[in-house]
Amino acid sequence: MTITNAEISKMLRRIAFLLEMDSNKDDKNINFKNKAYLRAADQIENLPVRLETIYKENGLIGLLQIPSIGKAISSKIEEYLNTGKIEYYEKLQIKYPIDVDDFLGLEGIGPKTLKEILDTTTIRNLNDLESLIKEKKLRRIPGFSEKKEVNLLKKIQSHRIGKSRFLLGDLFPIINQIENYLTGNEKVSKLIVVGSFRRMKETIGDIDLLVVSKHPSDIIDDLITLPEIEEILSRGTSKAFVRLKNGIDLDMLVVPEDSFGSASLYFTGSKEHGIQLRKLAQGRDYRLNEWGLFDNKTGQKLAGDSETEIYNLLGLEWIPPEMRENHGEIEMAKRHSRQWINKIQNLVEYESLKGDLQVHSNNTDGQLSIEEMAYFAKTKFHLDYIAITDHTKSLAIAKGLDEQQLLDQLIKINEINDRIKSGDFFVEENRPKSNRDRNNYLKEAGTKNLKDNRNKDDKKFRILAGAEVNILKDGSLDISNNVLDRLDIIGAAIHSNFSLTEEIQTERLIRAAQNPSVDIIFHPTGRIINKREGYPVNISKLLFTAMETNTVLEIDAHYNRLDLKDEFIRMATDTGVKMVIDSDAHHSLHYAFLKFGIAQARRGWAERDDILNVLPVSDLLKNLK
DNA sequence: GCCGTTTTCGGCCCGACTGTTTTCAGTCG
C-alpha cells in the first residue's frame, strides 16, 4: 500500500476540523491542538520528499525531524502508513459522524458553525445541508436567518463546481490588463499586484491588488463597477473582495502611502512567512500588521512605508518576494551572515539569460522554422544563442527526427550560422512575415519591462545544433552516440512509460545521465501542473549521479511544467548540480516563458553560478560534458 | 500538540468583514 503526502496531509486536516468542532473557547489546549494539526498538514504538503520514504529510511526519528511534527503526530502518521487508519480519527468520527471531506474548504461555514447545526439536526454531508436549507429549516436554528440560508446555498453551489488554482502564465496577461486599467485612475498613486503572483508561485489562487490612495472608498467604488466583475463578495472601507467573470477572485486593499511597505509585506505573504514576522515583532514587544510596525509600549508607529525598514527593525535583511515561504529564509536572514548577503545579491536575475537551450522548430512539432526562431530570439528577446532541440524518432507523434535527419539539420544550422557570421541575417528584409501577432501574449505580457541588453554585434549570435533525445524504457537512447556526438548539445527526456515504479524510473534517468553524450536532462520529472503528477523520481539519487557525471538538469520554464520545481532546485543548488533554464519554445512567443523559469529558480534559491545559460556560449560549452 | 536568542512550561499572529451580535464570534486571508 502506498500513501502520498497529500493523503496524510488531508487526514490531518480532517482531524483538525473535528478537533475544532470539539473545542470550546474555555479549553485553550484543544483550541491550539487543532492548529498544531493544521500546521503539520501545511508542512507536509510542502515537503519535497515522500513521508513514506522518510519513514522507510529513518523510521519515527526521520518524521520527528520535520518541523511542526512531534511525538503525537508522528506516531499517528506511523499508524496511518502501516495500517491505513488512525484510531484517534475513528474515535472522533464516532462522536461526529459526518463526511468531513464534504466540508473541508467549504467557504463561509467552518467547524464551529457546523457544530451548531449538528446540535439540533442530524445532517451527515453536504447534500443533507443543502436539503435543510431548501426546506427552509436552517433558519429555525438560533443564529441563522434567511439571509444566511441564501448565502450558504450559493457557497455550496460554487464549492461543488470546485476551484482549482490558476497557472501563473495563464493569468499574466489578465493581471497586466487590470493593472493597466487601474493605473490609469488618477486617484491611484501606487498600485502593485501582490500575493502569490508577486512571489511568482507556479499557481495562483486569487489576484491580490494593493493600492495606495488618499481616497480608499472612491477606489473601491471604481473597482466594483468594473465590467469584468461577476459578484461582489465583500466590501469594506479599505478592502474589497470580488469574483471576476473568468472565475478568479480578486482581493483589493487600499492603504495610505505610509503603510505601503507594511501592507505589501502583509499582502505578499506567504501566510506562514507573515506569521513568522509577526512573531518576531511580538518578541520585541512590537506589533506588526498591514498598517505598520508599532511599539506596544508607546503605541508609536516605527515603520510602514518600506518593506526594508520593517525587515531591518525586526533584525532581518530584506527578503526577495520569491523566497518568502517560511522555508528557512527568516532564520538565514536573521544571521546577517556574509553567505546569506551574497546569496541575496547573487540570486539569478530576470533578463540575465544569454541563451535558451530547448527550442523546437517546424521540422518536428514546433510552429516556426529554425530561421524564424533564431531571428526572434535575437531581435525580440535579445538572446545570444539558442539550441535547436527537436524531438527524435521514437516520439512519432511529434514527427521525431532520425539519425539522417538530425545530420541534415546540422548542415542547415551550420549554413544559417555562416550567414549570421557574414552579417546578412538579422536585417529587416529577413524579418519573417508569418509571425504577425498571432496572439496577444507577447504584446500584453512577454515584452513588458524587457531590458534592452542587445549585443550590438549581431554576428555573434549562434544557433547550436542539438536534440531532445528520447529516453527509452530501459534508459537507453533512441539515437546512436556517434550521431549525437556530432551535435553541439544533447538533452535527454522521458516521454513514455510514465507509470513505472520510482526505482525503475530513477534508474532510467540515471542511465541516461551516465550516457557520455547526454549534457542535460530535460524536464526531469515530467509533470504537467494541474494535469499530471509526473513520474516518481528519487531526486536525491538523480542529483548524486548528475554531480558525478557532470550532467546538467533543466528547469523547463514553460508555465505548465516548471520542472524542476522549486524544492528540487533548492536540493540541486545544495548539491552543487548545475542547471539551465529553457523555454521549451514551440513558437517564438514562447521565449517569454523564460521569466517563469527564472522566477522558479529564484524560488529555489538558485544563484547565477548555479545556472549555466547565463554564460556566453563559449563558456557554456566548456562547462558541459 | 509543538516548541525554545525570556525555553521543558507556558505560551501560541493580527485585523477586516459579516451577520443581527446591541458588543461579539466565526471565518478568512
Side-chain angles (χ1 to χ4, degrees), chain A residues 12 15-17 19-21 23-25 27-43 63-77 88 103 105-117 139 142-152 155 194-196 205-210 216 220 232-241 249-255 259 262-263 265-294 296 314-315 326 330-331 334-336:
Chain A
L12 297 179
I15 294 175
F17 192 91
L19 280 174
E20 199 173 349
M21 282 181 74
S23 71
N24 61 71
K25 56 177 179 290
D27 191 343
K28 291 263 165 54
N29 270 346
I30 292 189
N31 270 319
F32 287 109
K33 207 196 257 191
N34 60 53
K35 290 197 177 68
Y37 276 91
L38 287 176
R39 264 203 317 275
D42 284 343
Q43 187 66 237
L63 299 179
L64 280 166
Q65 275 160 1
I66 301 162
S68 306
I69 294 180
K71 248 162 79 179
I73 294 183
S74 62
S75 68
K76 289 189 179 71
I77 293 172
Y88 186 64
F103 299 102
L106 173 61
E107 270 180 39
I109 181 163
K112 295 272 163 49
T113 313
L114 192 58
K115 172 80 178 348
E116 271 181 63
I117 298 172
R139 64 183 71 169
F144 291 85
S145 63
E146 190 180 346
K147 195 165 185 182
K148 268 197 173 172
E149 282 185 341
V150 173
N151 278 341
L152 261 181
K155 297 211 158 129
V194 281
S196 44
D206 56 16
I207 301 171
D208 295 310
L209 273 184
L210 173 63
I220 288 171
I232 297 160
L233 299 169
S234 80
R235 176 209 198 292
T237 52
S238 63
K239 271 187 180 177
F241 197 31
D249 291 346
L250 186 150
D251 208 349
M252 182 166 79
L253 174 68
V254 188
V255 297
S259 292
S262 45
L265 205 52
Y266 155 79
F267 225 21
T268 298
S270 63
K271 189 174 133 208
E272 284 305 318
H273 182 88
I275 288 174
Q276 294 309 317
L277 293 185
R278 289 192 284 276
K279 280 185 181 167
L280 278 180
Q282 204 180 33
R284 293 173 181 237
D285 206 11
Y286 298 157
R287 198 174 78 255
L288 176 64
N289 56 39
E290 57 264 58
W291 307 101
L293 180 68
F294 301 89
N296 279 334
L314 296 177
N326 192 31
I330 291 177
E331 289 71 15
K334 235 186 252 178
R335 283 186 224 137
H336 302 282

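Everything numeric here is computed off the predicted structure, so don't read it as measured data. Residue numbering restarts at 1 for every chain, and letters A, B, ... go by the order of the sequence lines.
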task = Provide, to the nearest angstrom, the distance between the CG atom belonging to A:Leu38 and the P atom belonging to B:dT27.
result = 13 Å

ask   = Which base sits across from B:dC28 as a Watson-Crick or G-U pair, both distances under 3.5 Å?
value = B:dG15

query = Contact class for A:Lys115 (heavy atom, under 4.0 Å): base, sugar-phosphate, or nothing?
reply = nothing

inquiry  = Measuring only the P atom in each nucleotide, how far is B:dT5 from B:dG1? A whole number of Å is fine.
reply    = 23 Å

task = Could you state the atom-to-atom distance from CD of A:Glu20 to P of B:dT27 in whole Å?
result = 7 Å

key: Distance in angstrom units between A:Glu331 CD and B:dT5 C1', rounded   = 12 Å

ask   = What closest approach, in Å, do A:Ile220 and A:Lys239 show between heavy atoms, and which atom pair accounts for it?
value = CD1-N, 3.6 Å

key: Sequence-aligned protein contact record of nucleotides 13-20 of chain B, with B where the base is within under 4.0 Å of a protein heavy atom and S where only the sugar-phosphate is   = BSSSSSSS

ask   = Which of these, A:Leu293, A:Leu288, A:Leu314, sits in a side-chain contact (heavy atoms from CB on, under 4.5 Å) with A:Arg278?
value = A:Leu288

task = Assess A:Arg287 against A:Phe294: is NZ or CZ under 6.0 Å from the centre of the six-membered ring, and within 45 degrees of the ring's axis?
result = yes

message = By the 4.0 Å heavy-atom rule, please label A:Leu253 as base, sugar-phosphate, or nothing.
response = nothing

inquiry  = A side-chain contact here means heavy atoms from C-beta on lying under 4.5 Å apart; do A:Leu210 and A:Val255 qualify?
reply    = yes

inquiry  = Rounded to whole Å, how long is the line connecting atom OH of A:Tyr88 with atom C1' of B:dG1?
reply    = 9 Å

query = Just how far, in rounded Å, is P of B:dC24 from CD of A:Glu116?
reply = 17 Å

message = Between B:dA16 and B:dT21, how many Å separate the two P atoms, rounded to a whole number?
response = 23 Å

note = From CD of A:Gln43 across to C1' of B:dG1 the rounded distance in Å is 14 Å

inquiry  = For a 4.5 angstrom cut-off between non-hydrogen side-chain atoms, does A:Phe241 reach A:Met252?
reply    = no

inquiry  = When the C1' atoms of B:dC3 and B:dT8 are compared, how many Å lie between them, rounded to an integer?
reply    = 9 Å

task = Could you tell me whether A:Lys155 and A:Glu107 have a side-chain N and a carboxylate O separated by less than 4.0 Å?
result = no

key: Integer angstrom distance from the C1' of B:dT23 to that of B:dT18   = 15 Å

query = Tell me: CD1 of A:Ile109 to C1' of B:dA25, nearest whole Å?
reply = 15 Å

request  = Looking only at non-hydrogen atoms, find the nearest pair between A:Ile109 and A:Ile117 and report the distance.
outcome  = CD1-CD1, 3.8 Å

ask   = How is A:Lys71 classified with respect to the nucleic acid when contacts are heavy atoms under 4.0 Å: base, sugar-phosphate, or nothing?
value = sugar-phosphate

ask   = Which one, B:dG29, B:dG1, B:dC3, comes nearest to the side chain of A:Ser68?
value = B:dC3

query = Using the P atom in both, what is the distance from B:dC17 to B:dG11, to the nearest Å?
reply = 32 Å

query = Contact class for A:Leu152 (heavy atom, under 4.0 Å): base, sugar-phosphate, or nothing?
reply = nothing

query = Want to settle it: does A:Arg39 or A:Arg284 sit nearer the 5' end of DNA chain B, counting the closest nucleotide to each?
reply = A:Arg39

Selection from B:dG29, B:dG26, B:dG1 that lies nearest to any side-chain heavy atom of A:Lys112 = B:dG26

request  = For B:dT20 and B:dG15, measure between their P atoms and round to the nearest Å.
outcome  = 26 Å

task = Determine the Euclidean distance between corresponding C1' atoms of B:dC13 and B:dG29; express it in Å to zero decimal places.
result = 12 Å

ask   = If you take all heavy atoms of A:Ser145 and A:Arg139, which pair is closest and at what distance?
value = C-CB, 4.0 Å

